[in-house]
Amino acid sequence: MSDNVVHLHKDPNPNPDPSDGPDGGGPLRLTVVPDPAPAPPAPLWVRSGRAVKQAATHERTQTAARAVARHGLYTVGGARIVARRAWDARTAARYERMLRAAEAAGNYEVAAEWEERGQRFRDARHRRRMDLLTAPVDAAKSAAVGTGMGIGALVALGVVLAVATKDPGDVVTPLMAVVDLIHLLIVIVTVVWGPLVTLGPFLALLGLWAVGRHQQAAPNWAMPERVRNGDGEPITPSIVVKALRDLGVPALRNAIKEMGDAGASMLGPITIAGCGVEVDVTLPSGVSTDEVQKRRRKLAENLTRHEHEVFITIPPAARTVRLWVADSGALDEPIGPSPLVTDDTMTADYAKGRAPWGQDLRGDAAALSLYQRMLLITGLSNQGKTAALRSLALWLALDRTVEFRVADLKGAGDWAMFDGLATVLIQGPTDEHVIEATEMLEGGVSEMERRLQAPPGTVFPPLILLVDEAQVAFMCPVVDEDKRPYGGSKATSRYFMAARKIHNQGRAVNVLLWQGTQDPTDQNLPKLVREGAHTRASLALGTESQARMALGDKAVDGGAAPNLLRPGLDKGTVVVASDGIEIPAGQSSVTVRTHYISTEDAKEIANRAKARRDGVTTLRAIDRGEERDPLADIAAAVGDAPRVLTQDVLKRLDALNSDAYGGWSFVDLKRVLEGTGAEPYKSDGRMVVGRDRLARALANRDGDGSASAEK
């Protein structure tokens, strides 16, 4: 009974009653159903077949089968390679292949040279064959002469020996010694010949196997999984030629077929370049470089690489592409910390130094000159744009002569370490922050115009106007009281026009604009602004059109492709177009893997920069429109420093409110401070304003605010 099944069910009720339940069934009944008889076991031959099938499909069985096939095919492939080499050595086939390859490539001078070499080879071969006709007679004569001279020499030696020993039998002693030696050699050969004949074929097969294994002369399906997947597969001329042949360009494929196996004549030397290799490919006539560039992904897959591990650029030589192929997985390895983090003694030089930004694809240090160069960095969100821009600013901050005015229109605290380092620090994404950033740029324009009107030869300290997330400013819809928009790309746009003015003339007087922006388009990054940047860098982007906006047509046509970087995986990797960084000859851009500097490390670097300065008062907002208190503003501009140069006080007042103080000169500053006890005075031969004197003047001034002056 324990093996039976109990079923619980209701009898059907032809006259259902509502009390019977929603299904209207009858009373519950229990039914005992015996279990079905167990199925008989499968026949032995079925179970044996299943076991054989399971064993045949097991991973270890397949691996062993591939290994046996692979090593057997190594021998076959090695025999083919040795036979080909022997044929090439005995015939003019090699010269014919090189001749056809040169003709297919259009190099007729090289073709003529190979034809001449082939003819010389045939002439030498003909002479050798003619010499073989007389070789037997010459050999017989030489043997006869040699044998006679040898026997004569041995007999003469025996005579000398017999005279010395006074024994006539020693005359034949040297001759008999030679006979015994020949007999010994015959015995040795007789003993060794049998094993040698037995082992000879095995040694020959072993040699063929070694050649095949070295050349990987086996089908891909028989190779180990590591090789089949392309992990660590070296780049050889044959692999490059096959990749180009299978690229899907008919003219290229046909030209390589005409070249035979000598398609490698298209290739220059394959050289190690950082974490990969580099090779120049001279394309046959009728094949354009653009056709290869457009097939980058297919070329990478043919080389058993990912798309981001192959870069195609155009060198100066005509009809040539330069391939850089990374070692498998090498670009996913970190590059190490920035020298700014590891070297706490590092300093900066705005005019002569270069910022340590990262490494290029060759593994060499990539350093960027910032001297008199406007800067634009673009990229998708969360790709490391702010970190890349901030690392440049942190290096330049170690030069105490450089002044920063920073507007972070994201406001997430990425630039908070510049509090006490920048004279202006605006942080926030609102329209109010955009207004403040716009007026910061307009203050920079006023400073630029003042410098442009200075006497010739005047040297001006660098002023960096930095706007991160600049697309927020260009997209701002707010208009001022004169109906002028802050954002946009029209001539009435205040932010746009301030940026354009700085781009036009700021470089001459060291007033520079650095901008970082997302997803460059004509709406959030107008053409005139992006083309005004001397250094243009881009992280990963979505489309080629965005890449052209970010870097320009010349860089993209030359091979720059930030749109092919992997979002999220290639964080911090930038494609740079600038004359401020070393770019290989013939290329228009370089790819740099930038050092990542964390926020904590950035704070430490900023503190080192602050220690090199006398003290900077950071203005966190720009006041507009209200009545000013010049004496209080001057005290705020001086800040915590014991004394500040009058020219620096004027610059800080301009940054505080360009409308009120943009046109101030030393005369205006002296007029306000005259009679307050805080007048400018000389210190080390230069006019300064003292903090303590200003504090006393503010404390002692009349209660009615008589020290306050008009704008």
Side-chain angles (χ1 to χ4, degrees), residues 346-357 366-378 388-407 418 421-424 440-468 470 497-517 525 528-538 550-552 554-555 574 576-583 588-590 592 594 609 612-613 647-648 651 654-655:
M346 177 174 285
T347 59
D349 188 333
Y350 163 74
K352 300 178 181 179
R354 288 176 176 263
W357 209 11
L368 180 66
S369 173
L370 303 172
Y371 178 65
Q372 292 188 344
R373 289 178 174 88
M374 309 290 175
L375 180 65
L376 173 65
I377 296 182
T378 63
L389 182 60
R390 189 176 64 186
S391 65
L392 297 176
L394 287 170
W395 175 81
L396 192 56
L398 296 174
D399 184 342
R400 58 181 299 173
T401 65
V402 180
E403 177 187 355
F404 285 92
R405 301 180 187 179
V406 179
F418 275 74
L421 192 56
T423 54
V424 175
M440 181 188 79
L441 257 63
E442 291 174 339
V445 173
S446 299
E447 172 64 15
M448 177 191 71
E449 293 173 345
R450 183 187 70 81
R451 294 183 179 190
L452 289 170
Q453 299 175 33
T458 305
V459 178
F460 301 103
L463 171 59
I464 307 298
L465 303 166
L466 192 154
V467 181
D468 195 9
M497 289 307 297
R500 286 295 302 139
K501 290 178 180 178
I502 295 172
H503 278 169
N504 288 339
Q505 298 176 299
R507 179 181 183 182
V509 289
N510 286 329
V511 177
L512 305 176
L513 175 60
W514 293 6
Q515 295 183 99
T517 184
L525 188 60
L528 292 178
V529 172
R530 60 180 184 254
E531 291 185 349
H534 305 99
T535 295
R536 299 167 72 171
S538 176
L551 299 177
K554 179 181 179 181
V574 297
V576 188
S578 171
D579 60 351
I581 194 169
E582 185 176 351
I583 297 178
S588 56
S589 64
V590 63
V592 177
T594 61
R612 297 176 57 85
R613 300 172 184 248
Q647 62 183 9
D648 290 340
K651 288 193 299 183
D654 184 17

[X] versus [Y], closest heavy-atom pair with distance:
| X | Y | result |
| --- | --- | --- |
| A499 | L441 | N-CD2, 4.2 Å |
| A351 | Y371 | CA-CD1, 3.5 Å |
| V509 | M448 | CG2-CG, 3.9 Å |
| R613 | A397 | NH2-O, 2.9 Å |
| G532 | H503 | CA-ND1, 3.6 Å |
| A609 | L421 | CB-CD1, 3.8 Å |

[Y] backbone acceptor or donor facing [X] side chain under 3.5 Å:
| X | Y | answer |
| --- | --- | --- |
| R354 | G580 | yes |
| R536 | L376 | no |
| R500 | L528 | yes |
| Y350 | Q372 | yes |
| W514 | L392 | no |
| R612 | L398 | yes |

Rounded to the nearest 0.5 Å, what separation is found between the [atom1] atom of [X] and the [atom2] atom of [Y]?
| X | Y | atom1 | atom2 | answer |
| --- | --- | --- | --- | --- |
| D349 | L370 | CG | CG | 11.0 Å |
| L394 | L396 | CG | CG | 10.0 Å |
| E447 | R405 | CD | CZ | 6.5 Å |
| N504 | M497 | CG | CE | 8.0 Å |
| L465 | M374 | CG | CE | 8.5 Å |
| S369 | K352 | OG | NZ | 12.5 Å |

Answer yes or no: is there a side-chain heavy-atom contact under 4.5 Å between [X] and [Y]?
| X | Y | result |
| --- | --- | --- |
| T378 | Q515 | no |
| V511 | R451 | yes |
| V592 | I581 | yes |
| F404 | L463 | no |
| V445 | I502 | yes |
| L375 | H534 | no |
| T401 | P462 | yes |
| S578 | L368 | yes |

Check: I464 and L513: side-chain contact (heavy atoms from CB on, under 4.5 Å), yes or no, with the steps?
Finding: CA-CA 6 Å; I464 307 298; L513 175 60; over 6 Å; no

Note to self: With a 4.0 Å cut-off on N to O distance, would you call R373 and D579 a salt bridge?
What the structure shows: yes

Residues in side chain to side chain donor-acceptor pair (under 3.5 Å) contact with [X], at least two apart in sequence or another chain:
| X | answer |
| --- | --- |
| T517 | Q471 |
| S446 | none |
| T423 | E403 |

Note to self: If you count every heavy atom of other residues, nucleotides or ligands that lies below 6.0 Å from E582 atom CD, does the total exceed 12?
What the structure shows: no

Notebook entry, point to check: Hey, mind stepping through D648 and K651 against salt bridge (Lys or Arg N to Asp or Glu O under 4.0 Å) and telling me if it holds?
Noted result: CA-CA 5 Å; D648 290 340; K651 288 193 299 183; 3.5 Å; yes

